[in-house]
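Notes for the one structure printed next.
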Number of protein chains: 2
Amino acid sequence: MTSEADLGPRLSRRLAYLLKRAMVDLDTLHEQHLRPFGITARELAVLLFLDGREPESQQQAAAHLGVDRTTMVGLLDALEGKDLVARRPDVEDRRRNVIVLTDTGQATLRKAMRASDAAERQLLAELDDREAAQLRELLKRVTSGRA
Amino acid sequence: MTSEADLGPRLSRRLAYLLKRAMVDLDTLHEQHLRPFGITARELAVLLFLDGREPESQQQAAAHLGVDRTTMVGLLDALEGKDLVARRPDVEDRRRNVIVLTDTGQATLRKAMRASDAAERQLLAELDDREAAQLRELLKRVTSGRA
DNA sequence: TATTGTTATACTCTATAACTATA
DNA sequence: TATAGTTATAGAGTATAACAATA
């Protein structure tokens, strides 16, 4: 999926290679599984983030998601164009837009999350349930150390 | 390192997030640890790849590494400019350049690999040796399924 | 005619600067 | 004066097309 030929063990055992390879493969799987819903993995992440929160302004959401506010504009343009989110003027500060999921957004989120779960399962197809949980747990500990 | 604020458990437990986060963190660590040697993680990968092989043409190397041949030109320009690799005209097919590590390239490779090992150890600082090996093994099995 | 290395061009992604409307 | 959203612009990074030398 990433490379067709052998890189040799010295390179293919490096952590950077293994992580990148897994990420690229998961990206490809997400692309396949999310295609029916017309959204990208990144857009799904935005929907999932908005769903679990009190309504926030564009900039608050952008800061939390770690994207630039100018990038957020385009991201929301796309999602709004698909009627998955709505921008509502903030009544208390009319400079701000409050971002909310539409009903369609809610429904799409539920279905797309099942598709994403399927993509993850396919990535981990070689592992049994205990090993899959172990991998997730180890990765979580690795990243949380530098929260 | 990646995000300053909490994303909520629904998002921060996704495999895509965990993998990307680990990769970005490792990139940052590599940047720090490799700075003294004046090379990037990607350039180190090229050096490591060349070291374990019979001399190959630019295109063969590019294909193995999964980069475009036009991208390879710039990559080798940079490495050649630092006197880490050399292009030698292939005596049997004068269209080709054979790529070899210079002595400086060999020495830099050895030192940079130790730095890369240190970057990996720092990424996995929260894990003990057994867990670190486990993570590596699980990732290897995940990716090798789609070789 | 096809292929290697190269250069020129275009495309994507993202960030910086500038504009507007509100505060 | 400062801030939220937006737009315009510029910068990396990479891919496609075109070119010169060689096969």
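The figures that follow rest on heavy atoms only: side chains count, while hydrogens, waters and symmetry mates do not. Every chain is numbered from 1, with letters handed out A, B, ... down the list of sequences. On a predicted model such as this, the values are computed, not experimentally measured, just so you know.
Once you apply a 4.0 Å limit to the heavy atoms of chain B, the touched nucleotides of DNA chain D run 5' to 3' over D/dT14 to D/dA23.
The CG atom of B/Leu11 lies 11.5 Å from the CG atom of A/Asp51; values are rounded to the nearest 0.5 Å. Remark: B/Ile99 CD1 to B/Gln60 CD distance equals 10.0 Å, nearest 0.5 Å.
Taking atom CE on B/Met72 and atom P on C/dT6, their separation rounds to 11 Å, with Å as the unit. Rounded to an integer number of Å, the gap from CZ of B/Arg88 to C1' of C/dG5 is 18 Å. Here C/dG5 presents its P atom at 13 Å from CD of B/Glu80, a figure rounded to the nearest Å. Spacing between atom CD of B/Glu56 and atom P of C/dG5 amounts to 11 Å, rounded to whole angstrom units. When the C1' atom of C/dT22 is taken as reference, atom CD of A/Gln59 falls 13 Å away, rounded to whole Å. For the pair B/Leu75 CG and C/dG5 P, the computed distance is 14 Å after rounding to whole Å.
In the hydrophobic clustering (ILVMFWY side chains linked at under 4.5 Å, chained through shared members), B/Val91 stands by itself.
Ion pairing of B/Asp117 with A/Arg14 is present here, as a side-chain N (NZ or NE/NH1/NH2) and a carboxylate O approach within less than 4.0 Å. Under a 4.0 Å N-O distance rule, the pair A/Arg42/A/Asp27 does not qualify as a salt bridge.
By the 4.5 Å heavy-atom criterion applied to side chains, A/Gln58 and A/Arg69 are not counted as neighbours. The shortest side-chain heavy-atom distance between A/Gln134 and A/Asp128 does not fall under the 4.5 Å cut-off.
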Can you give one letter per nucleotide of nucleotides 11-16 of chain C, going 5' to 3': B for a protein heavy atom under 4.0 Å from the base, S for sugar-phosphate only, - for none?
---SBB

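Of the possible polar contacts, none joining the A/Gln32 side chain to the A/Leu29 backbone as a donor-acceptor pair under 3.5 Å is found.
The 5' end of DNA chain C is approached more closely, in terms of each residue's nearest nucleotide, by B/Gln58 than by the other of B/Gln58 and A/Arg69.
The shortest distance between the side-chain N/O atoms of B/Arg96 and the OP1/OP2 oxygens of C/dT6 is not below 4.0 Å.
Within 4.0 Å of A/Asp93, counting heavy atoms only, lie sugar-phosphate atoms of the nucleic acid but no base atom.
Checked by distance alone, B/Arg95 brings a side-chain donor or acceptor within 3.5 Å of a matching partner on the base of C/dT3.
Side-chain atoms of B/Ser116 and B/His30 include a donor-acceptor pair closer than 3.5 Å.
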